[in-house]
Amino acid sequence: ILNVEQSPQSLHVQEGDSTNFTCSFPSSNFYALHWYRWETAKSPEALFVMTLNGDEKKKGRISATLNTKEGYSYLYIKGSQPEDSATYLCAFVRQKVTFGTGTKLQVIP
Amino acid sequence: EAEVAQSPRYKITEKSQAVAFWCDPISGHATLYWYRQILGQGPELLVQFQDESVVDDSQLPKDRFSAERLKGVDSTLKIQPAELGDSAMYLCASSHTRTASPYEQYFGPGTRLTVT
């Protein structure tokens, strides 16, 4: 069983604050890493697919970086808004997809 | 925009009863996944189909769970008999690629199962 860990488990930030969280995964035989956003009562939505060491991807105020040699990825949210409140999941892809436990973000207006 | 459909959205059943969930993936997606997400944990893969064939069901509790995708399109996941520990969110996802690929999966809204 692969160990994919996310931290922190949850956090509360004020509207306008920037925040980041971490996904750690095995550094050997890397294939791909996905980030998903999962809002309550909605389907998980793909944010990023990352495949290359050093990848940096951006979508609006959200960005992600990837370090496959040390086995981690960071997700950054700049100027958090209440609509960013969701659980953010990373998924490590090798022969199969293994999800982390998620980081639950609550943005306080 | 095409979406993955799942039904029902919510299901309450008594233990020892049978329950079934349905998933219709995005048209043309060859790969279909069923996940179980227990509160506080990440989604866990139960079964993966490539067209109508099972390619991974190593985490499927086969004594009580079964899954099929007879025509390689929609899929049904069944639990019989349901146990209290089966209470969870059951997510279906699909992907257009035919291999364990880097491409993202598209998820349905899930079925929230409560076993009483």
Side-chain angles (χ1 to χ4, degrees), chain A residues 1-11 21-26 29-53 55 57 59 62 64 66 68 73 75 86-104, chain B residues 1-10 21-26 29 31-50 53-60 88-112:
Chain A
I1 297 178
L2 297 176
N3 197 23
V4 180
E5 296 184 348
Q6 290 189 246
S7 63
Q9 279 191 324
S10 66
L11 75 162
F21 18 96
T22 307
C23 173
S24 302
F25 49 84
N29 298 322
F30 179 84
Y31 193 59
L33 187 88
H34 302 172
W35 280 101
Y36 292 88
R37 173 170 59 200
W38 192 3
E39 295 179 63
T40 303
K42 294 187 178 180
S43 309
E45 172 198 2
L47 288 173
F48 304 114
V49 174
M50 310 187 79
T51 56
L52 299 175
N53 184 44
D55 255 356
K57 299 215 170 178
K59 183 183 287 190
I62 304 177
L66 179 67
T68 60
S73 176
L75 190 78
T87 295
Y88 291 82
L89 289 165
C90 68
F92 175 72
V93 181
R94 198 185 277 172
Q95 281 81 16
K96 63 170 66 176
V97 179
T98 303
F99 280 85
T101 54
T103 293
K104 187 171 183 178
Chain B
E1 186 176 317
E3 296 180 342
V4 175
Q6 286 188 251
S7 67
R9 291 292 304 274
Y10 304 92
F21 315 130
W22 176 80
C23 172
D24 191 13
I26 292 172
H29 279 198
T31 309
L32 184 148
Y33 310 81
W34 281 102
Y35 290 91
R36 175 173 61 185
Q37 195 245 350
I38 296 170
L39 199 61
Q41 300 180 19
E44 173 195 21
L45 180 68
L46 291 175
V47 61
Q48 177 181 340
F49 288 93
Q50 192 74 10
S53 300
V54 173
V55 296
D56 187 347
D57 63 356
S58 55
Q59 300 302 310
L60 189 71
M89 173 73 83
Y90 290 82
L91 289 165
C92 178
S94 69
S95 172
H96 70 284
T97 54
R98 292 183 171 273
T99 60
S101 75
Y103 301 104
E104 70 264 32
Q105 299 172 25
Y106 295 82
F107 283 86
T111 296
R112 171 73 68 188

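Labels below follow one simple rule: chain letters A, B, ... track the order of the sequence lines, proteins then strands, and each chain is numbered from 1.
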Colleague: Just wondering, more than 12 heavy atoms not from A:K59 lying within 6.0 Å of its NZ?
Modeller: yes
Colleague: Using modelled atom types only, decide if a donor and an acceptor are shared between the side chain of A:S43 and the backbone of B:G108 within a distance under 3.5 Å.
Modeller: yes
Colleague: Side chain, backbone, both or neither: which part of A:Y36 has a heavy atom under 4.5 Å from chain B?
Modeller: side chain
Colleague: Report which part of B:R9 has an atom under 4.5 Å of a heavy atom belonging to chain A: side chain, backbone, both, or neither.
Modeller: side chain
Colleague: At what distance, to the nearest 0.5 angstrom, does CD of A:E45 lie from CZ of B:F107?
Modeller: 12.0 Å
Colleague: A quick test of your reading: do over 12 heavy atoms of other residues, nucleotides or ligands sit less than 6.0 Å from CD of B:E3?
Modeller: no
Colleague: Measuring from atom CG of B:D56 to atom NZ of A:K96, what distance do you get when rounded to the nearest 0.5 angstrom?
Modeller: 4.0 Å
Colleague: Looking at residues at least two apart in the chain, or sitting in another chain, which of them share a side chain to side chain donor-acceptor pair (under 3.5 Å) with B:Q105?
Modeller: B:Y35
Colleague: Any heavy-atom pair between the side chains of B:Q37 and A:W38 that's under 4.5 Å?
Modeller: yes
